[in-house]
Amino acid sequence: MPSPLLLSDDAPDLDDVREALRRADAVEGLGSDVAATLAWATSVTPPRSLAATWELLASVARRDVAAARVLEPHLDALAILGEAAREGIDVALEPGGSWGVFAAEGSGMRLEARQDAGTWTLRGTKPWCSLAAHLDRALVTAWVDDERRQLFVLDLRAPGVTSRTGPWYARGLDRVVSAPIDVDGAVAVPVGEPGWYLRRSGFAHGGVGVAACWWGGALPLRDALSEAAASDRADQLSRVHLGRADTALWAARAVLRETATVFGAGGSASAGLRAARARTVVADAVETTLAEAAHALGPLPLVADEAYARRVADLQVYLRQHHGERDVARIGVDVATGAGAW
């Protein structure tokens, strides 16, 4: 697979991508050593274009899925803060440090925000807070009333913030612990008005950035299928498995490239639907590749090749950020109500 993965060799903004990848290749324990991986991630200069950002994420995931899982939310947080600044939203912050984005909700858990004399404080529990015990700060959503959520900057090292260590029995992404945090009166800084986090155009962009990680993470499985299909013992079935994976990933690449072009040109009236479609195409391609690799290669690499086995396990967990049929159903709602023009 040539490099760059998504862009042409003469595409702008590739210098920062190549420099970040060069330094990633020098990190001992990239993806497996959380501290070392975070130190590298926080040193990365965010690419200036969306296409270059997705190129970086896919290229990192090709090297190590967990490393991309560490880098993606950090870059997403910086992009969100940059978007706020461009819209004139003043967020007084010291630069630097490692970032997460915690916007998930969970049954029986609720994080609430209250303002008193101009100061916002958070109280409650937030689920699915990846690497909270290792990060400096996070952008978190909290309920400001019964129906509205607002985005806040939360110092994860501040008094009143406790990061749980589990439950986390994962075999994939086992080092990227995504457990709840408990917050008891911690001071937070608002970012935008209630609902801004979901309404902004960058929300769709970030969702496809995750898909770029899935796609890049699946490319070494295609390589393994190609190697098997080229061996002296290969039969037609091995080439069928390779062909299915290759065409699925090729189609997903085309979708990622087109989506980056459309978004990079200034957005789209149906950005959310476009992002959902792109994520679904990529998720389906990665699911296909996982299945074809399992059928073609059998159990041997899953039990005898540590890097391969870890990649498969990491991808299976990471891919569940796509909610499968529920996400596809949302696309169907848009199309059925007349909002699904191509």
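In this chain, residues are counted from 1 in sequence order.
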Rounded to the nearest 0.5 Å, the CZ atom of Phe203 sits from the CG atom of Asp76 at a distance of 9.5 Å
Find the distance between OH (Tyr308) and CG (Asp223) and round it off to the nearest 0.5 Å. 11.0 Å
Crowding at CD, Glu87 (>12 non-hydrogen neighbours, <6.0 Å): yes
Checking Arg123 side chain against Glu112 main chain: does a donor-acceptor pair fall under 3.5 Å? no
Would Arg222 and Glu227 pass as an ion pair if we require N to O under 4.0 Å? no
Stepwise side chain to side chain donor-acceptor pair (under 3.5 Å) check, Ser32 with Arg175: CA-CA 7 Å; Ser32 58; Arg175 297 165 182 83; 4.9 Å; no
With side-chain contact (heavy atoms from CB on, under 4.5 Å) as the test, would you mind laying out the steps for Val161 and Asp155 before giving the verdict? CA-CA 8 Å; Val161 180; Asp155 183 347; over 6 Å; no
Check whether Lys126 reaches the backbone of Thr141 with its side chain - one donor and one acceptor, N or O, closer than 3.5 Å. yes
Salt-bridge criterion met for Arg157 and Asp136 (N-O under 4.0 Å): yes
Are Thr162 and Ile181 packed together at the side-chain level, in the sense that at least one heavy-atom pair is separated by less than 4.5 angstrom? no
Can you tell if the side chain of Val17 reaches within under 4.5 Å of the side chain of Asp13, non-hydrogen atoms only? no
Answer yes or no: is there a donor N or O on one side and an acceptor on the other, between the side chain of Ser178 and the main chain of Cys129, under 3.5 Å? no
Given the ring of Trp215, does Arg253 sit roughly above its face, with NZ or CZ under 6.0 Å from the centre of the six-membered ring and within 45° of the axis? no
Side-chain donor/acceptor of Trp120 to backbone N/O of Ala186, under 3.5 Å: no
Give a yes or no answer on whether the side chain of Ser49 reaches the backbone of Ala52 with a donor-acceptor pair at less than 3.5 Å. yes
Within the 4.5 Å heavy-atom criterion, are Tyr318 and Val210 side-chain neighbours or not? yes
From Arg164 CZ over to Thr125 OG1, what is the distance, rounded to the nearest 0.5 angstrom? 5.0 Å
For the residue pair Arg274 and Phe263, establish whether any side-chain heavy-atom pair is separated by less than 4.5 Å. yes
Heavy-atom check, side chain of Arg48 versus side chain of Asp16, under 4.5 Å: yes
Carefully, step by step, assess Val70 and Val34 under the rule side-chain contact (heavy atoms from CB on, under 4.5 Å). CA-CA 8 Å; Val70 171; Val34 171; 5.6 Å; no
Check the surroundings of atom CG in Asp25: do more than 12 heavy atoms from other residues, nucleotides or ligands lie under 6.0 Å from it? yes
Within this structure, what is the CZ-CG distance for the pair Arg311 and Leu302, rounded to the nearest 0.5 Å? 13.0 Å
Do you know which of Arg148, Arg149, Arg199 makes salt bridge (charged side-chain N to carboxylate O under 4.0 Å, His left out) with Glu193? Arg199
Assess, by modelled atom type and distance only, whether the side chains of Thr119 and Gln115 contain a donor and an acceptor separated by less than 3.5 Å. no
In sequence, state the C-alpha distance, the side-chain angles, and the governing distance for Gln150 and Tyr197, and then conclude on side-chain contact (heavy atoms from CB on, under 4.5 Å). CA-CA 7 Å; Gln150 189 167 349; Tyr197 170 74; over 6 Å; no
Note, Ser130 side chain near Val177 side chain (heavy atom, < 4.5 Å): no
Would you indicate whether the side-chain heavy atoms of Leu81 and Trp99 approach each other to under 4.5 Å? yes
So do the side chains of Leu139 and Val191 get within less than 4.5 Å of each other, counting heavy atoms only? yes
Residues Arg244, Glu292: salt bridge by 4.0 Å N-O rule: yes
Roughly how far, to the nearest 0.5 Å, is the NE2 atom of His323 from the CZ atom of Arg279? 8.0 Å
Between Arg22 and Glu19, is there a salt bridge with N-O shorter than 4.0 Å? yes
Are any of the side-chain nitrogens in Asp64 or Arg310 under 4.0 Å away from the carboxylate oxygens of its partner? yes
Working to the nearest 0.5 angstrom, can you tell me the gap between Asp174 CG and Trp168 CH2? 9.0 Å
If you apply the rule ring-ring contact (aromatic ring centres under 6.0 Å, His included), what do you find for Phe102 with Trp128, and how did you get there? CA-CA 7 Å; Phe102 306 153; Trp128 300 109; over 10 Å; no
Test side-chain contact (heavy atoms from CB on, under 4.5 Å) on Ile80 and Leu151 and set out the steps. CA-CA 10 Å; Ile80 293 168; Leu151 189 67; 3.8 Å; yes
